[in-house]
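Here is the structure we will look at.
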Amino acid sequence: MTQDLQLDHNGRLKHFLTIEGLSRRTILEILDTAKSFISVGEREIKKVPLLRGKTIVNLFFESSTRTRTTFEIAAKRLSADVINLNIATSSTAKGETLLDTVRNLEAMHTDLFVVRHKRSGAAHMIAAHVPAHVHIINAGDGSHAHPTQAMLDVFTIREHKGAFEKLKVAIVGDIQHSRVARSQIHALKTLGVAEIRAIAPRTLMPIAVERLGVMPFTDMREGLDSVDVVLMLRLQTERMTGALIPSEQEYFNLYGLTPAKLACAKKDAIVMHPGPMNRGLEIDSAVADGPQSVILPQVTNGIAVRMAIMALILGGSPAESRARRAADA
Ligand code: NCD
């Protein structure tokens with residue numbers, strides 16, 4: 001159902017809503033296209049004309065720093081016109097429905113909406129209602145999915161580790177409430193990663209996580225043993241009802257990534273975090289700012305990955321070769 005919504009009859013991306021069900025080929029096409037856009041950000045004139053004349057609206061109903069800004073920068077580097085709707089002062093605050101807001105912006109000839117919403121399924125719902133020439137990218141819906149974050153994470157892993165097939169990857173922390181973890185698991189599985197581990201207290205581990213092809217661990221040192229990649233997650237306190245962790249101090253003692261715990265992973269393991277980080281809660285500053293951290297490169301890569309997804313959706317066919325030509329120009 002989602003795939004019908006997400007792909008056109010030729011199997012090309014129409015919307016980008018979830019990683020679930022995307023083929024390995026499509027994921028690799030996005031990664032390769034993103035690779036060709038990295039150089040654009042390193043030039044003096046950081047712009048290619050690929051999406052000139054296209055209108056992109058950033059519709060963020062939830063707070064965001066990295067995701068919203070990198071989407072905006074990505075759109076501008078592709079020469080699109082980008083509008084950031086300030087939800088606090090928009091008509092949604094006066095009671096307008098989400099679909100009415102979208103229909104009005106659609107009437108202004110918007111080509112692409114980038115949507116973040118606290119309700120799971122919001123981006124899918126909009127995608128199901130817009131006409132065929134309007135496209136939707138999911139920038140995070142509730143605790144369901146955050147597919148562009150997962151794409152920038154696997155891009156960063158490939159940049160540092162090469163092939164996926166031999167890698168052991170640990171996802172650590174509040175997996176239960178994390179849309180990032182869900183999307184990462186689907187991406188890593190599709191890319192054929194050897195082992196995906198989930199490390200969390202029982203209260204923050206999704207029920208039957210094994211069914212997603214993930215090995216659960218409640219002991220962090222055991223779970224980190226000889227992994228190549230450590231993906232840390234923020235404690236999503238805004239999504240918790242009731243006390244799911246004993247105390248912040250105890251959480252840090254058991255699940256905070258310190259240099260001592262990181263020593264259980266491979267010597268050359270990389271440490272990632274989608275941000276925003278809670279230093280001293282899920283990660284020690286010595287690790288966050290240490291030599292194995294690739295947390296800031298993740299942010300930089302997020303621009304190229306979001307450029308690639310927008311270019312593949314809006315650039316027409318064959319978008320990848322046009323994107324490459326534009327990036328090479
Ligand atoms: C994540 C999000 O908003 O889902 N952050 C992000 O997009 N960079 C993760 C989080 O909020 O913990």
Side-chain angles (χ1 to χ4, degrees), residues 16-20 34 58-75 84 87 113-124 136-157 170-188 198-201 204-206 229-241 244-245 248 251-252 255-257 270-283 287-288 293-307 309-310:
F16 195 67
L17 305 172
T18 176
I19 303 282
E20 218 177 334
N58 267 333
L59 262 183
F60 277 60
F61 294 90
E62 241 190 17
S63 54
S64 169
T65 308
R66 276 151 291 267
T67 306
R68 200 200 57 70
T69 315
T70 51
F71 263 114
E72 179 177 353
I73 292 175
N84 296 302
I87 302 300
F113 290 97
V114 179
V115 182
R116 170 172 284 197
H117 202 282
K118 67 174 188 304
R119 277 208 335 259
S120 296
H124 290 69
I136 308 296
I137 294 178
N138 182 6
D141 62 323
S143 53
H144 172 240
H146 193 352
T148 63
Q149 178 69 44
M151 288 305 305
L152 78 88
D153 292 339
V154 292
F155 182 91
T156 306
I157 292 172
I171 305 176
V172 187
D174 185 1
I175 297 166
Q176 172 69 29
H177 300 98
S178 176
R179 54 194 176 202
V180 175
R182 247 168 279 284
S183 291
Q184 282 171 340
I185 291 168
H186 289 301
L188 293 167
I199 307 174
L204 299 178
M205 184 81 83
V229 179
V230 186
L231 300 170
M232 296 305 297
L233 298 171
R234 182 177 65 88
L235 270 181
Q236 311 262 313
T237 41
E238 74 278 19
R239 298 206 171 91
M240 291 183 189
T241 44
L244 295 178
I245 56 163
E248 294 197 345
Y251 184 82
F252 181 71
Y255 296 101
L257 188 61
I270 53 170
V271 174
M272 300 170 62
H273 193 303
M277 304 187 261
N278 292 307
R279 290 171 184 263
L281 180 51
E282 69 251 358
I283 192 163
V287 174
S293 166
V294 296
I295 295 171
L296 291 175
Q298 281 178 270
V299 178
T300 310
N301 293 338
I303 298 173
V305 167
R306 289 173 173 130
M307 285 171 79
I309 294 165
M310 292 194 280

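Just follow the structure's listing: the first ligand is 1, and inside any ligand the first atom is 1. Note that the structure is a prediction, hence the values are computed from the model and not measured.
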Considering only heavy atoms, which protein residues lie less than 4.0 Å from any atom of ligand 1? Arg66, Thr67, Arg116, His146, Gln149, Arg179, Val180, Arg234, Gln236, Pro274, Gly275, Pro276
Quick one: list whatever passes side chain to side chain donor-acceptor pair (under 3.5 Å) with His117, sequence neighbours left out. none
Check whether Arg306 reaches the backbone of Phe71 with its side chain - one donor and one acceptor, N or O, closer than 3.5 Å. no
Please enumerate all residues that pass side chain to side chain donor-acceptor pair (under 3.5 Å) together with Arg179, with sequence neighbours excluded. Glu62
When rounded to the nearest 0.5 Å, the distance separating NZ of Lys118 from CG of Asp141 is 12.5 Å
With Asp153 via side chain to side chain donor-acceptor pair (under 3.5 Å) - residues at least two apart: Gln149, Gln184, Gln298
Looking only at atom types and distance, does a side-chain atom of Asn278 sit under 3.5 Å from a main-chain N or O of Glu282, one as donor and one as acceptor? no
